[in-house]
Amino acid sequence: MKTTIQNIGQFVGQEVWIEGWLWNKRSSGKIQFLQLRDGSGFIQGVVVKAEVTNQVFELCSTLTQESSVRVKGNVRADDRAPSGFELTVTDVQLVSLAKEYPITPKEHGVDFLLDHRHLWIRSPRQRAILKIRSEIIKAMRNFLDENGFVQVDPPILTPSSCEGTTNLFHTKYFDEDAFLTQSGQLYMEAAAMALGRVYSFGPTFRAEKSKTRRHLIEFWMIEPEIAYCTHAENMAIQEAFVQHIVRHILDNCKLELKTIERDLAPLENVIAGPFPRITYDDAVKLLQEKGHDIPWGEDFGAPHETELVQHFERPVFVEKFPSKIKAFYMQPDPERPEVVLGADLLAPEGYGEIIGGSQRIHDPELLEQRFKEHQLDVAYEWYMDLRRYGTVPHSGFGIGLERTIAWICGLDHVRETIPFPRLLNRLYP
RNA sequence: UCCUCGAUAGCUCAGCGGUAGAGCAUCCGGCUGUUAACCGGAGGGUCGUAGGUUCGAACCCUACUCGAGGAGCCA
């Protein structure tokens, strides 16, 4: 009978085969402990010399780290095992004897590990993070699908930038210039006018020379866009969305959270109540009271965000930023036209902005005026069309997948949240 | 782009002007409950590159290359 380590608890008292790899081994003369993994989980195989053939015992003593093996054994519940189960080995088949494995059980530097990322992802910690990544994506899709959103895929090759500010990756589209997308938002606005509630899920590229623990050159974003939706409704959706994700991970990734030693208390608090909201005005006042030298009208830097977040136990919405420091498409507040109906969601524990969202300008004249102010070119004719033909108030947001993962996992760098991170000066492996 | 720090064995690091070191990994030997197992032994180096100072440089100086952390920008 063949099974996976994940399901091995169903076979207590029975003899099963598992197919996997040896990730570490300890031996003691007449007993050997094989640390086995098969992708679905980890289990220890105990090889007792008196209980197997000499051939099997000898084979085990020659096994190297990361050799691939098929192992037969009796499943036992054992309190000494981290997963609760152990395998008393009865037979072993060698699939391939691994050469000297570079990633030893000792500590390694970041550069070395990133050079060996294709092997690093085999380690228990990295496996747990990638598993949580998959579950976060699943939770996001579940929430959106259950709330009437339709997935729409925007293009990756685009004729120009969406927001104008950041540096884009340039490429050629036959004889034309083209750029890798930095956001699918403008296309999602078109899609929302066709399908009501939509979301995109795809990669995003920023050619910024950013070199911090919060930045990747290539990262994934989820960008929901909703027709007939106000700024307030937009924030309510974001709050429910983030709480759904955290709840899903707490319910479904207990073993993985334990593997990465995540403190669960801050996560449990995220789902215990509503997210606080603070206006940009009040945020500036708070920062000034705390001794920060920031005038009204200036955007927050990393130290400002860190300070702000310390005053709240849950993710906090900072809303109504000055329109001058925000994107051209954001709807002005009718009561105070110098600020916009938009909000950033700042994650707790210093993870920074994970969501940026806003109500979009739906008035054609105002949008035309913003185009002129920002000196945007005619490539946006189609975007103006959305206001010419049945324009409606609408809102949306973008959530950065890797920052969300880093926050939920409690990691100190986003590079561990993606299988093969693209970083400044790192395109390998 | 700017600021700070770093580069010595396959890996992680110590050595900071006078014969190149340790732990892990590898190989050999020992051990029936190990959890980064442990104990004994062996092999393993153009000290990032190029100059300079010095009787003598891994060590001091200069430049360059690569990397890390942070800033700006952002998700």
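Each chain gets a letter, A, B and so on, in the order its sequence line appears, and its residues count up from 1.
Contact annotation: A:Arg214 side-chain N/O to B:G69 OP1/OP2 distance is not under 4.0 Å. Within the 4.0 Å cut-off from OP1 or OP2 of B:G69, at least one side-chain nitrogen or oxygen of A:His413 is found. Proximity of A:Lys211 to the phosphate of B:A68: a side-chain N or O atom is located under 4.0 Å from OP1 or OP2.
The separation of B:C59 from B:C16, taken at their C1' atoms, amounts to 5 Å, rounded to a whole angstrom. One P atom belongs to B:A36, the other to B:U1, and the distance between them is 44 Å to the nearest Å. Here, B:U34 and B:A42 have their C1' atoms 25 Å apart, quoted to the whole Å. Separating the C1' atom of B:C11 from that of B:U26 is a span of 12 Å, rounded to the nearest Å. Comparing B:G52 with B:G43, their C1' atoms sit 37 Å apart, to the nearest whole Å. Between the C1' atoms of B:A9 and B:C5, the separation comes to 24 Å (whole Å). Taking atom P on both B:U53 and B:G40, the two are 48 Å apart, rounded to the nearest angstrom. With P as the reference atom, B:C64 and B:G41 are 48 Å apart, rounded to whole Å.
In this structure, A:Tyr101 atom OH and B:A36 atom P are separated by 18 Å, rounded to whole Å. Put simply, NZ on A:Lys25 is 17 Å from P on B:G33, counting in whole angstrom units. Summarising the geometry, the separation between NE2 on A:His304 and C1' on B:G72 is reported as 12 Å, rounded to the nearest angstrom. At whole-Å resolution of the value, NZ in A:Lys326 and P in B:A75 are 7 Å apart. Between A:Phe219 atom CZ and B:A75 atom C1' the separation is 5 Å, expressed in whole Å. Following rounding to the nearest Å, A:Ile217 (CD1) and B:A75 (C1') show an atom-to-atom distance of 13 Å. As rounded to whole Å, 19 Å separates atom P of B:U34 from atom CG of A:Leu22.
For the residue pair A:Thr230 and A:Glu233, a side-chain donor N or O sits within less than 3.5 Å of a side-chain acceptor on the partner.
Between A:Lys290 and A:Glu307 no salt bridge is recorded (no basic side-chain N to carboxylate O distance below 4.0 Å). A salt bridge links A:Lys285 with A:Asp282: the distance from a Lys NZ or Arg NE/NH1/NH2 to an Asp or Glu carboxylate oxygen falls below 4.0 Å. Taking a cutoff of 4.0 Å between a charged side-chain nitrogen and a carboxylate oxygen, A:Arg125 and A:Glu416 qualify as a salt bridge.
Under the Watson-Crick and G-U wobble criteria, each requiring two contacts below 3.5 Å, nucleotide B:G51 is paired to B:C61. Across every strand in view, B:U26 sits in a pair with B:A42 that passes the Watson-Crick or G-U test at under 3.5 angstrom. Under the Watson-Crick or G-U wobble criterion, with both distances below 3.5 Å, B:G21 is paired with B:C13. Base pairing annotation: B:A68 forms a Watson-Crick or G-U wobble pair with B:U4, both donor-acceptor distances under 3.5 Å. With a cut-off of 3.5 Å on both Watson-Crick or G-U wobble distances, the partner of B:C31 is given as none. In a base pair of the Watson-Crick type (N1 to N3 plus N6-O4 or O6-N4) or a G-U wobble (N1-O2 and O6-N3), with each distance short of 3.5 Å, B:C73 is matched with no nucleotide.
Residue contacts shown for A:Thr404 are absent, as no nucleic acid heavy atom lies under 4.0 Å away. No contact: A:Gly352 has no heavy atom under 4.0 Å from any strand. Residue A:Phe112 is in sugar-phosphate contact alone, with no base atom involved, counting any heavy-atom pair closer than 4.0 Å across all strands shown. Contacts of A:Ile355 with the nucleic acid, taken as non-hydrogen atoms under 4.0 Å apart, involve only primed sugar atoms and P, OP1 or OP2. Among the atoms of the strands shown, only primed sugar atoms or phosphate atoms (P, OP1, OP2) are found under 4.0 Å from some heavy atom of A:Asp299. Note on A:Glu86: a base of the nucleic acid sits closer than 4.0 angstrom, heavy atoms only.
Each of A:Arg26 and A:Met221 lies near RNA chain B, and the nucleotide nearest A:Arg26 is the one positioned closer to the 5' end. Residue A:Val110 is the one, among A:Val110 and A:Leu216, whose nearest nucleotide of RNA chain B lies closer to the 5' end (criterion: closest heavy atom).
Remark: A:Lys326 is positioned above the aromatic ring of A:Phe321, its terminal NZ or CZ atom under 6.0 angstrom from the ring centre and at most 45 degrees off the axis.
Considering A:Ile222, A:Asp344, A:Val242 in turn, A:Val242 is the only one that fulfils the side-chain contact (heavy atoms from CB on, under 4.5 Å) rule with A:Ile355.
The base of B:U34 is paired with the side chain of A:Gln44 by a donor and an acceptor separated by under 3.5 Å. Taking only distance into account, the side chain of A:Thr104 never meets the base of B:C11 through a donor-acceptor pair shorter than 3.5 Å. Not a single donor-acceptor pair, N or O on each side, falls under 3.5 Å between the base of B:C11 and the side chain of A:His108.
Here the side chains of A:Met140 and A:Pro224 are not in contact, with every heavy-atom distance at 4.5 Å or above. Looking only at side-chain heavy atoms (C-beta outward), A:Arg415 and A:Val110 come within less than 4.5 Å of each other.
Set against B:U26, B:U34, B:G72, the side chain of A:Glu100 has B:U26 as its closest nucleotide.
By the 5.5 Å and 30° criteria, A:Phe33 is not stacked with the base of B:G33.
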